[in-house]
Structure formats: structure tokens, C-alpha cells
Amino acid sequence: MLKSWKKKAGLITALSFSLIAAGCGDDGESSSDGETSVSEAVDHKIVGIEPGAGATAATDDALEDYDSLEGWEHETSSTAAMLTSLGDAYEAEEPIIVVGWSPHYKFAKWDLKYLEDPEGSYGGSEQITTLANTGFEEENPGAYQVLENIGWDISTLEELMLKAQDASIEEVAQTWIDENQGKVEEWIADAPEGEGASVELAMTPWDSERLTGNMARLALEQHGYDVNLTQVDPAIMFEAVAEGDADATLSAWLPKTHGSFYEEHKDSLVKVNEAIDGAKIGLVVPTYMEDTNSIEDLEPAE
């Protein structure tokens with residue numbers, strides 16, 4: 001079974017992402033007062049990410065929930081394509097509306113804000129939760145105890161993610177561990193040493209989870225555990241942990257983003273720790289779009 005889910009992981013990580021151009025110029029139709037509205041300037045389009053992502057499903061919900069988004073187009077593509085479009089628009093100070101989430105380095109790189117979501121299509125604050133299979137604590141109480149203690153704040157993680165644009169995730173993780181030994185000692189304090197015990201961790205392919213996964217791996221290895229870290233998509237991750245092919249993950253976004261996966265497997269999972277509190281998904285715009293602060297500020301397409 002373990003080989004089977006790792007084969008799936010290989011297929012997922014081998015996928016390449018194609019970039020698409022997202023129109024965000026200001027050559028849209030004019031409003032009744034002769035000025036181009038933000039909605040017209042972005043051609044009533046939301047620049048999205050991968051189909052199947054939790055934030056993608058929430059955006060589809062928002063199109064149904066808001067009269068202001070009637071007739072809008074949700075352009076799904078890839079995270080890379082969304083970031084390219086956002087960067088180009090930001091440099092030109094043009095309006096753009098993208099599907100976003102935090103923690104993500106874009107908030108450390110650019111001045112951005114979430115649009116208010118009074119209908120709650122995107123849910124509220126999320127917790128990036130550490131989950132384990134139901135037998136893990138009994139089989140490996142020391143590693144379980146370390147995972148109970150591991151956590152970060154969002155601003156720290158976003159700064160590390162920005163650094164990872166110029167270095168590998170593994171290098172950034174190692175540097176942080178080396179420079180924050182006091183925090184690592186808090187995580188591993190009083191936990192039984194690993195003495196070579198094996199720990200199988202699964203993670204999603206997002207930079208935030210790759211960082212936290214690698215920092216957790218390094219902390220556990222420092223305490224004597226033999227850790228294997230495998231990257232998979234969310235559906236496979238939940239299945240692997242629930243079935244015991246992986247011991248744990250630090251990558252579960254709850255209650256909304258990965259909520260359907262959790263509900264499917266919750267009887268075989270244990271919530272170990274909320275490693276990051278205050279995570280969020282939603283529609284994101286640059287802060288220079290001063291008059292656009294809520295999804296309800298947008299206008300339906302004619």
C-alpha cells in the first residue's frame with residue numbers, strides 16, 4: 001500500500017503547470033458616468049488557480065452566492081499563472097482580482113488585501129492542522145508528542161516562503177532550524193528520543209506545507225527519528241494518513257478548504273495540533289485598489 005500511494009505522489013509532482021495570460025487592462029466598457037469601473041477593467045474575470053483546489057471550489061460557490069458576481073468568469077489555471085498575472089498587474093498598478101490564500105509569500109512581497117466576504121463563501125479563519133492516524137500515538141508516542149508542540153505564526157512563515165523564492169525550501173528550512181534552536185528545544189523537550197524509529201510524513205505540494213513539513217522533519221531527526229517526507233495532493237494525503245500508509249501530516253487546512261476530505265476519513269484520523277492559526281482563503285486585490293474592499297463592491301456583468 002505504501003508503494004501505491006508513493007506512485008501516486010510521483011504522478012502528482014511530475015505534472016507541469018502551463019501559464020496563461022489573464023486580462024487585467026482598463027479597456028473595458030464604460031460605466032454610466034463615463035468612467036471604467038473596476039469590474040469592467042478586469043473584464044469581470046477572477047484569476048484562479050488549479051481546478052480541484054479548495055479555494056477554487058469556494059470561488060465557484062461565491063459566483064453563486066453574490067449578485068455582484070453574476071455573469072463573472074472564474075479562470076482556473078495554475079498557482080504559477082495566477083502569480084505571474086498578479087505580479088504583472090501589480091507592477092503596472094492595474095486592477096486585478098485573484099484567488100488567494102495565506103500563508104503565502106505574495107503577502108510578504110506585495111501589499112495585498114482580502115475582499116470582505118459577508119456571505120461567508122470562503123469560510124472564516126482556518127487552522128493548518130496536524131493530523132495523525134489513530135494508531136500513531138500508541139506506536140510512536142515520542143514523535144506524536146513532538147508534533148503536538150510544533151507550530152508557527154503566519155508572518156514568520158510568509159517571510160520564509162519569500163526567502164524560498166531565491167533558495168531551496170530545504171535550505172530555508174535548515175537555516176531556520178539552525179537559527180532557532182531555542183524553539184526547536186521547546187518542541188522536543190520531554191519527548192522520548194527516537195533512537196532511529198521511523199516516521200512517515202505526508203504533505204501537500206504548496207510552499208507553506210513544504211516548509212513546515214521540512215522543518216518538522218529536521219526537528220524530529222534532531223531528536224533521533226528517521227523521517228521520510230512525501231509530497232502528494234490533498235486527496236491522496238488524507239487517504240494515506242487515514243489508512244496508515246503515512247503516520248501524520250502537518251498540511252490539513254480545516255475546517256473548510258480540506259473539510260470534505262476530513263469528513264470522509266475523520267473516523268481514522270486524530271487532530272494532533274493546530275500548527276498554524278489564522279490561515280485564510282478568499283479573493284485578493286492589491287491595496288492600491290482603495291475603493292474595492294468587499295465582494296459586494298463589484299458589479300455584475302451585463
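Counting only distance, with no hydrogens or angles, the side chain of Asn293 and the backbone of Glu290 share a donor-acceptor pair below 3.5 Å. Between the side chain of Asn180 and the backbone N or O of Lys183, no donor-acceptor pair lies under 3.5 Å. The backbone N or O of Ala58 sits nowhere less than 3.5 Å from a side-chain atom of Ser121 that would complete a donor-acceptor pair. Proximity of a side-chain donor or acceptor of Asp43 to a complementary backbone N or O of Lys45 within less than 3.5 Å is not detected. At least one donor-acceptor pair closer than 3.5 Å links the side chain of Ser39 to the backbone N or O of Glu299. Remark: the backbone N or O of Glu119 is not paired with any side-chain donor or acceptor of Asp65 at under 3.5 angstrom. A donor-acceptor pair under 3.5 Å links the side-chain atoms of Asp297 to the main chain of Ser294, judged by distance alone. In terms of modelled atom types and a separation under 3.5 Å, the side chain of Tyr262 and the main chain of Lys256 share no donor-acceptor contact. For Glu138 (side chain) and Gly135 (main-chain N/O), no donor-acceptor pair under 3.5 Å exists by modelled atom type. Using a distance-only test at 3.5 Å, with no hydrogens or angles considered, a donor-acceptor pair links the side chain of His258 to the main chain of Trp253.
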Legend entry - side-chain contact (heavy atoms from CB on, under 4.5 Å) between Leu250 and Ile128, intermediate numbers included: CA-CA 7 Å; Leu250 291 86; Ile128 305 180; 6.0 Å; no
Inset, instruction - Might you work through the side-chain contact (heavy atoms from CB on, under 4.5 Å) test for Ile49 and Thr56, ending with a clear yes or no? - result: CA-CA 7 Å; Ile49 56 172; Thr56 298; 3.5 Å; yes
Inset, instruction - Go through the steps to decide whether Leu115 and Val285 satisfy the test side-chain contact (heavy atoms from CB on, under 4.5 Å), and finish with yes or no. - result: CA-CA 7 Å; Leu115 295 185; Val285 302; 3.8 Å; yes
Inset, instruction - List the steps and the verdict of salt bridge (Lys or Arg N to Asp or Glu O under 4.0 Å) for Glu221 and Arg217. - result: CA-CA 6 Å; Glu221 288 177 346; Arg217 172 183 62 81; 3.1 Å; yes
Inset, instruction - Quick one: do Leu83 and Lys106 satisfy side-chain contact (heavy atoms from CB on, under 4.5 Å)? Show the steps, please. - result: CA-CA 8 Å; Leu83 291 169; Lys106 61 184 176 287; 4.1 Å; yes
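Of the listed residues (Asp117, Thr59, Thr257), just one forms a side chain to side chain donor-acceptor pair (under 3.5 Å) with Tyr122, and that residue is Thr59.
Contact check for Val270 versus Asn133: no side-chain heavy atoms found under the 4.5 Å cut-off. In this structure the side chain of Gln145 reaches within 4.5 angstrom of the side chain of Asp190, judged on heavy atoms. Residues Val38 and Asp291 fail the side-chain proximity criterion, which asks for heavy atoms closer than 4.5 Å. With contacts defined as side-chain heavy-atom distances shorter than 4.5 Å, the pair Thr156/Glu158 does not qualify. For the pair Lys271 and Leu254, the minimum side-chain heavy-atom distance is below 4.5 Å. Val98 has its side chain out of reach of Leu112: every pair of non-hydrogen atoms, C-beta onward, lies at least 4.5 Å apart. Ile295 is listed as a side-chain neighbour of Ser68, based on a closest heavy-atom distance under 4.5 Å. Counting heavy atoms from C-beta outward, Val199 and Asn228 have side chains that stay 4.5 Å or more apart.
Between the side chains of Gln222 and Gln181, at least one donor N or O sits under 3.5 Å from an acceptor N or O. Asn273 and Glu148 share no donor-acceptor pair across their side chains, judged by distance under 3.5 Å alone.
More than 12 heavy atoms of other residues, nucleotides or ligands sit less than 6.0 Å from atom CD of Glu73. Heavy-atom neighbours of Asp178 CG from other residues, nucleotides or ligands within 6.0 Å: above the threshold of 12. Crowding of Glu64 atom CD: a count of heavy atoms from other residues, nucleotides or ligands under 6.0 Å not exceeding 12. At most 12 heavy atoms of other shown residues, nucleotides or ligands fall within 6.0 angstrom of atom NZ in Lys163.
Using bins of under 30°, 30° to 60° and over 60° for the plane-to-plane angle, the ring pair Trp206/Trp101 lands in the tilted bin. In this pair, Trp176 and Trp187 present their aromatic rings parallel. The plane angle is below 30°, not in the 30 to 60° band. Ring geometry for Tyr90 versus Tyr288: interplanar angle of 30 to 60°, hence tilted.
In this structure, Val172 and Leu160 approach most closely via the heavy-atom pair CG1-O, 3.6 Å. For the pair Asp247 and Ser198, the tightest heavy-atom approach, listed with the atom from each and the gap, is OD2-O, 4.0 Å. Taking each heavy atom of Ala202 and Thr249 in turn, the nearest pair found is O-OG1, 2.7 Å.
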